[in-house]
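Below: the structure, in C-alpha coordinates.
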Amino acid sequence: MATISNWFSSDLLTLNISKCNFVIFGNSRKLKLVNDVSLEVNSTAIDRSDSFKYLGVVINQTMSWSEHIDTISTKINQRIGMIK
(Lines give C-alpha, C1' and ligand atoms only; values in the text may rest on other atoms or scores of the structure.)
Protein backbone atom coordinates (compact mmCIF):
# COMPACT_ATOMS: atom_id res chain seq x y z
CA MET A 1 0.00 0.00 0.00
CA ALA A 2 2.93 2.33 0.65
CA THR A 3 4.11 1.86 -2.96
CA ILE A 4 0.67 2.66 -4.32
CA SER A 5 0.39 5.70 -2.06
CA ASN A 6 3.81 6.95 -3.20
CA TRP A 7 2.86 6.45 -6.85
CA PHE A 8 -0.32 8.48 -6.36
CA SER A 9 1.64 11.26 -4.63
CA SER A 10 4.37 11.41 -7.26
CA ASP A 11 1.77 11.79 -10.04
CA LEU A 12 -0.19 14.39 -8.04
CA LEU A 13 -3.17 12.07 -7.68
CA THR A 14 -5.32 11.48 -4.62
CA LEU A 15 -6.90 8.30 -3.35
CA ASN A 16 -10.42 8.69 -1.98
CA ILE A 17 -10.19 6.39 1.04
CA SER A 18 -13.91 6.79 1.83
CA LYS A 19 -14.73 5.03 -1.46
CA CYS A 20 -12.11 2.29 -1.10
CA ASN A 21 -12.58 -1.18 0.30
CA PHE A 22 -10.96 -4.57 -0.09
CA VAL A 23 -12.04 -8.20 -0.20
CA ILE A 24 -10.04 -11.29 0.66
CA PHE A 25 -10.98 -14.29 -1.46
CA GLY A 26 -10.80 -17.90 -0.32
CA ASN A 27 -12.80 -20.87 0.88
CA SER A 28 -14.62 -20.76 4.22
CA ARG A 29 -11.87 -22.63 6.09
CA LYS A 30 -9.09 -20.30 4.94
CA LEU A 31 -11.16 -17.15 5.47
CA LYS A 32 -11.50 -18.02 9.17
CA LEU A 33 -7.71 -17.76 9.50
CA VAL A 34 -7.50 -14.15 8.26
CA ASN A 35 -10.04 -12.29 10.41
CA ASP A 36 -7.63 -9.61 11.63
CA VAL A 37 -6.29 -8.29 8.30
CA SER A 38 -6.34 -4.51 7.86
CA LEU A 39 -4.98 -2.07 5.29
CA GLU A 40 -3.99 1.54 5.91
CA VAL A 41 -3.00 4.39 3.62
CA ASN A 42 -1.46 7.45 5.28
CA SER A 43 -2.67 6.20 8.70
CA THR A 44 -6.27 5.90 7.44
CA ALA A 45 -7.84 2.45 7.53
CA ILE A 46 -9.46 0.99 4.41
CA ASP A 47 -12.72 -0.85 5.07
CA ARG A 48 -12.93 -4.58 4.51
CA SER A 49 -15.98 -5.81 2.63
CA ASP A 50 -17.57 -9.25 2.35
CA SER A 51 -18.70 -8.59 -1.21
CA PHE A 52 -18.59 -5.98 -3.94
CA LYS A 53 -20.22 -5.20 -7.25
CA TYR A 54 -18.15 -5.10 -10.43
CA LEU A 55 -19.80 -4.40 -13.80
CA GLY A 56 -23.16 -5.40 -12.34
CA VAL A 57 -21.94 -8.74 -10.96
CA VAL A 58 -21.99 -9.20 -7.18
CA ILE A 59 -18.84 -11.01 -6.07
CA ASN A 60 -18.37 -12.29 -2.53
CA GLN A 61 -15.38 -13.68 -0.62
CA THR A 62 -16.02 -17.31 -1.54
CA MET A 63 -16.71 -16.54 -5.23
CA SER A 64 -20.21 -18.01 -4.89
CA TRP A 65 -23.04 -16.93 -7.20
CA SER A 66 -25.74 -17.05 -4.50
CA GLU A 67 -25.61 -13.34 -3.58
CA HIS A 68 -25.65 -12.29 -7.24
CA ILE A 69 -28.59 -14.60 -7.99
CA ASP A 70 -30.49 -13.20 -4.98
CA THR A 71 -29.89 -9.65 -6.21
CA ILE A 72 -31.06 -10.45 -9.74
CA SER A 73 -34.10 -12.36 -8.43
CA THR A 74 -35.14 -9.39 -6.31
CA LYS A 75 -34.86 -7.03 -9.29
CA ILE A 76 -36.85 -9.39 -11.52
CA ASN A 77 -39.61 -9.75 -8.91
CA GLN A 78 -39.85 -5.95 -8.60
CA ARG A 79 -40.14 -5.51 -12.36
CA ILE A 80 -42.77 -8.27 -12.63
CA GLY A 81 -44.74 -6.59 -9.84
CA MET A 82 -44.64 -3.28 -11.73
CA ILE A 83 -45.86 -4.96 -14.94
CA LYS A 84 -48.65 -6.76 -13.08
Side-chain angles (χ1 to χ4, degrees):
M1 291 306 299
T3 303
I4 292 171
S5 181
N6 290 337
W7 179 76
F8 268 83
S9 296
S10 67
D11 288 340
L12 301 175
L13 299 170
T14 58
L15 184 63
N16 190 346
I17 301 296
S18 66
K19 292 184 178 181
C20 293
N21 59 26
F22 70 97
V23 176
I24 297 175
F25 295 103
N27 60 31
S28 314
R29 185 174 46 87
K30 289 188 178 182
L31 287 172
K32 289 179 184 175
L33 301 174
V34 292
N35 285 337
D36 59 344
V37 174
S38 64
L39 292 178
E40 291 184 357
V41 175
N42 298 333
S43 301
T44 304
I46 297 177
D47 293 332
R48 181 174 172 185
S49 177
D50 293 334
S51 65
F52 67 97
K53 195 173 192 176
Y54 182 72
L55 296 175
V57 178
V58 179
I59 303 171
N60 65 10
Q61 302 178 46
T62 58
M63 299 292 285
S64 142
W65 288 101
S66 60
E67 192 171 343
H68 179 70
I69 291 169
D70 291 344
T71 302
I72 297 297
S73 298
T74 301
K75 287 183 181 181
I76 290 171
N77 287 334
Q78 289 172 348
R79 301 308 191 285
I80 288 172
M82 287 176 15
I83 292 171
K84 222 176 192 180

- Query: Roughly how far, to the nearest 0.5 Å, is the NZ atom of Lys84 from the CG atom of Asn77?
  - Reply: 10.0 Å
- Is there a side-chain contact between Asp11 and Trp7 (heavy atoms, below 4.5 Å)? yes
- Would you kindly confirm whether Leu33 and Phe25 end up in one hydrophobic cluster when ILVMFWY residues are joined by side chain heavy atoms under 4.5 Å apart? no
- Query: Between atom OG1 of Thr71 and atom CH2 of Trp65, what is the distance when rounded to the nearest 0.5 Å?
  - Reply: 12.0 Å
- Between atom OG1 of Thr74 and atom CZ of Arg79, what is the distance when rounded to the nearest 0.5 Å? 10.5 Å
